[in-house]
Asker: 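Pasting a structure here, questions to come.
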Amino acid sequence: MIDLKYLQKNYDEATALLIKKGVSSDTLEQLHQLFIALKEANAQFEEAKANQNEMSKLFGVYKKEGKDTTDLKAKVDANKELLVALQEKARQADEALQNRALVIPNFPDAKVPDGVDENDNVEIKRVLTPKTFDFKPKEHWELSELNGWIDFERGVKLVKSRFSVLKGEAARLERALIGFFLDHNRTKGFEEVSIPFINNRAMLQGTGQLPKFEEDLFKIEGEELFLIPTSEVPLTNLHHDEIVSPSQLPLLYTAYSPCFRKEAGSAGRDTRGMIRQHQFSKVEMVALTHPDQSDAIFEMMVANASELLTLLELPHRIVELCGGDLGFSAARTIDIEVWLPGQNQYREISSISNVRDFQARRAKIRFKDGDKNSFVHTLNGSALAVGRTIIAIMENFQNQEGGIAIPKVLEKYMA
RNA sequence: GGACAGUUGGGUGAGUUGGCUGAAACCACAUCCCUGCUAAGGAUGCGUACUCGUAAGGGUACCGAGGGUUCGAAUCCCUCACUGUCCGCCA
């Protein structure tokens, strides 16, 4: 949730930022008016209620003193009628504002590059040079067929399209990567946690998936529960509705989880192979920080994800997302894209975002800031997406015969 | 899934014959005083959010959630959620 008071006070500046993210100025004007309407309605209701409270108090005094309460009762009853109407008006104003405000995306940072889609993203640097093959490198599904690693057909049989089964060496590789990622993240100060893969509605709203993106989530029938689309949801919400001590900050967490996404709107994209699945494994980093340290932690998280790829000897590049490509909750996002020689292109393998106070405001995650309470900054990033790492290893470590080598750092995990 | 009990501020925990309780007390925490250090002791402060005000200081809401009764509810009634205990089932 954006800071509505900030929007009121710095309307032009705030509007310019949100337009960068694709919000229309009409929407913002509407929001502005709803906010004013709510304040008015609340003020009116509170005044009437204060009257009512005072008279009720008097009523008690009269009773005690044995005085006649007939006149007072008449006054109170008359006021109550007004009160009920004002209360309803205030309730509606609040509901209208909430409905609007919850679907407004976060402000992008001022330094976020302008642009409408991924074509306007800015490459920051490349790490490791892709090796040249003296044969035409295969795509991962071709390699899978040769090695029997991924069983797409049986994934479809068990569930439906966009599900698959990893077998043998590939299954062990997935487990090895999860262990490697978690162990490495731990050395950077992230505490390893094991979290529920189902969360309730309030948590999904806290991190911004709801109410706007319900069609992207798998919902448990008959319950207000959802399969998590990323462990960012439970990790960030560990401190939902809490006020933490500043000495605890930054809180750094890492967890493995499967991620479940409906991929609504992605029909036809990446239908071949394991790039885009309804269920995939991911190791996530989440940070809750003091606002002053979120930029530094952000850099650390980007560096960490890049380091993982470097240790795996996987060439990658670091890309800053433009305003139009930024996700709903993010103020700033850096994607890390790994080189896939079979596809002959870089593909996203990690996405690291500084969310500032947007989620903290929704999830009520605060810290004692002197004599007041302030919202923490939340950050999240993949380190790394496991399924896509497997693909990257397959394509980068293939030989002419279609064999696949295993990166050296994983040897002890595959032993 | 069945039966009973409970859900109050950072914690423990009073308050359930409706008004003087946004909430005792204790602990924790903060500042100060005292003590050569430590330990012990004393004073004061200490829920959250919104709102009016330059400020001092007011107002409103919140005692699991929602609804009801009432001039007035933490206190009475209803629904739901959660927790505990016993039973059933089970990795």
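These values consider heavy atoms only, across backbone and side chains, with no hydrogens, waters or symmetry-generated copies. Only a predicted model underlies this, so the values are computations on that prediction, with no experimental measurement involved. Throughout, a chain's letter reflects where its sequence line sits, starting with A, and its residues are numbered from 1.
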Asker: If you look at every strand shown and take non-hydrogen atoms under 4.0 Å, does A/Ala50 touch a base, only sugar-phosphate, or nothing?
Answerer: sugar-phosphate

Asker: Determine the interatomic distance between P on B/U31 and the same-named atom on B/C50; round to the nearest Å.
Answerer: 26 Å

Asker: Anything under 3.5 Å between a protein N or O and an N or O of nucleotides 17-23 of chain B, put it in a table, one pair a line.
Answerer:
unit_1: B/G19; atom_1: N2; unit_2: A/Ser56; atom_2: O; d: 2.7

Asker: Using the P atom as the reference point in each nucleotide, state the distance between B/C52 and B/G42 in Å, no decimals.
Answerer: 43 Å

Asker: When the C1' atoms of B/U21 and B/C63 are considered, how many whole Å apart are they?
Answerer: 10 Å

Asker: Should B/A65 form a Watson-Crick or G-U wobble pair with both distances under 3.5 Å, which nucleotide is its partner?
Answerer: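 Pair assignment: B/A65 / B/U79.
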
Asker: Using the P atom on both, measure B/G57 against B/A23 and round to a whole Å.
Answerer: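 It comes out at 16 Å once rounded to the nearest Å.
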
Asker: When you measure from the side chain of A/Asn53, which nucleotide among B/A61, B/G59, B/G47 comes out closest?
Answerer: B/A61

Asker: Sequence neighbours left out, what passes side chain to side chain donor-acceptor pair (under 3.5 Å) with A/Lys75? Give chain and number order.
Answerer: none

Asker: From the options B/U60, B/G47, B/C71, select the nucleotide whose nearest atom is closest to the side chain of A/Lys49.
Answerer: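 Given the options B/U60, B/G47, B/C71, the side chain of A/Lys49 is closest to B/U60.
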
Asker: Please report the distance separating the C1' of B/U85 from the corresponding atom of B/U75, rounded so that it comes out in whole Å.
Answerer: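 Rounded to whole Å, the distance is 26 Å.
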
Asker: Name the residue from A/Phe375, A/Phe107, A/Phe328 that meets the ring-ring contact (aromatic ring centres under 6.0 Å, His included) definition with A/Phe358.
Answerer: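 When ring-ring contact (aromatic ring centres under 6.0 Å, His included) is applied between A/Phe358 and each of A/Phe375, A/Phe107, A/Phe328, only A/Phe328 qualifies.
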
Asker: Specify the residue among A/Phe35 and A/Arg91 whose closest nucleotide of RNA chain B lies further upstream toward the 5′ end.
Answerer: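 Per heavy-atom nearest nucleotide, the more 5' residue is A/Phe35.
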
Asker: Is a side-chain donor or acceptor of A/Lys282 paired with a backbone partner of A/Leu384 at a separation under 3.5 angstrom?
Answerer: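 Flag not set: sc A/Lys282 to bb A/Leu384 has no pair under 3.5 Å.
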
Asker: Please determine, for B/A14, whether a Watson-Crick or G-U wobble partner exists with both distances under 3.5 Å, and give it or none.
Answerer: none

Asker: Suppose we screen for ring-ring contact (aromatic ring centres under 6.0 Å, His included). Which residues come up paired with A/His184, at least two apart in sequence or across chains?
Answerer: none

Asker: Could you tell me how far B/A55 sits from B/C78 if I compare only their P atoms? Round to whole Å.
Answerer: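 Here B/C78 and B/A55 have their P atoms 47 Å from each other.
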
Asker: Return the pairing partner of B/U44 with a 3.5 Å limit on both distances, Watson-Crick or G-U wobble; otherwise return none.
Answerer: B/A30

Asker: Measuring from the side chain of A/Val76 (C-beta onward, heavy atoms only), which nucleotide among B/U51, B/U60, B/C71 has the closest atom?
Answerer: B/C71

Asker: If we call it a pair only when both distances are under 3.5 Å in a Watson-Crick or G-U wobble match, what pairs with B/U54?
Answerer: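 Pair assignment: B/U54 / none.
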
Asker: Counting only Watson-Crick pairs (N1-N3 plus N6-O4 or O6-N4) and G-U wobbles (N1-O2, O6-N3), all under 3.5 Å, who is the partner of B/A73?
Answerer: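 Looking at the geometry, B/A73 pairs with no nucleotide.
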
Asker: Could you tell me which non-hydrogen atom of A/Glu232 sits nearest to which non-hydrogen atom of A/Thr207, and how far apart they are?
Answerer: O-CG2, 4.0 Å

Asker: In whole angstroms, how far is the C1' atom of B/G72 from the CG atom of A/Asp77?
Answerer: 12 Å

Asker: Between A/His377 and A/Phe298, is the gap from one ring center to the other below 6.0 Å?
Answerer: no

Asker: Looking only at atom types and distance, does a side-chain atom of A/Asn237 sit under 3.5 Å from a main-chain N or O of A/Val233, one as donor and one as acceptor?
Answerer: yes

Asker: What's the gap between B/C89 and B/G1 when it is taken at their C1' atoms, as a whole Å value?
Answerer: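 Looking at atom C1' only, B/C89 and B/G1 are 8 Å apart.
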
Asker: Checking base pairs now: Watson-Crick or wobble, both atom distances under 3.5 Å. What partners B/G88?
Answerer: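 Across all strands, not a single nucleotide pairs with B/G88.
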
Asker: Starting at CG of A/Asp94 and ending at P of B/A49, how long is that distance when rounded to a whole Å?
Answerer: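 Taking CG of A/Asp94 and P of B/A49, I get 16 Å after rounding.
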
Asker: Taking only the C1' atom of each, what is the distance from B/C90 to B/U79 in whole angstrom?
Answerer: 31 Å

Asker: Select from A/Lys80 and A/Arg366 the residue whose nearest nucleotide in RNA chain B is closer to the 5' end of that strand.
Answerer: A/Arg366

Asker: Please give the nucleotide sitting opposite B/A39 as a Watson-Crick or G-U wobble pair, both distances under 3.5 Å, or none.
Answerer: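 The base-pairing partner of B/A39, which may sit in any strand shown, does not exist here.
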
Asker: Can you figure out which of B/A49, B/C71, B/U51 approaches the side chain of A/Lys5 most closely?
Answerer: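 Among the listed nucleotides, the one closest to the side chain of A/Lys5 is B/U51.
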
Asker: Using both distances under 3.5 Å as the test, list the Watson-Crick or G-U wobble partner of B/U21, or none.
Answerer: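 By the stated definition (distances under 3.5 Å), nothing pairs with B/U21.
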
Asker: For B/A49, does OP1 or OP2 lie under 4.0 Å from any side-chain N or O of A/Asn373?
Answerer: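 Yes, because at least one side-chain N or O of A/Asn373 sits under 4.0 Å from OP1 or OP2 of B/A49.
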
Asker: Take atom NE2 of A/His239 and atom P of B/G10, then tell me their distance rounded to the nearest Å.
Answerer: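 Checked: the NE2 to P distance equals 16 Å.
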
Asker: On the nucleotide B/U48, are OP1 or OP2 found under 4.0 Å from the side-chain N or O atoms that A/Lys368 carries?
Answerer: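 Yes, because at least one side-chain N or O of A/Lys368 sits under 4.0 Å from OP1 or OP2 of B/U48.
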
Asker: Any heavy-atom pair between the side chains of A/Phe181 and A/Val386 that's under 4.5 Å?
Answerer: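 Side-chain contact under 4.5 Å: yes.
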
Asker: Show your reasoning for whether side chain to side chain contact (heavy atoms under 4.5 Å, CB included) applies to A/His278 and A/Phe218.
Answerer: CA-CA 9 Å; A/His278 286 309; A/Phe218 286 99; 4.1 Å; yes

Asker: Pick base, sugar-phosphate or nothing for A/Leu58, based on heavy-atom distances below 4.0 Å to the nucleic acid.
Answerer: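 Nothing, no heavy atom under 4.0 Å.
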
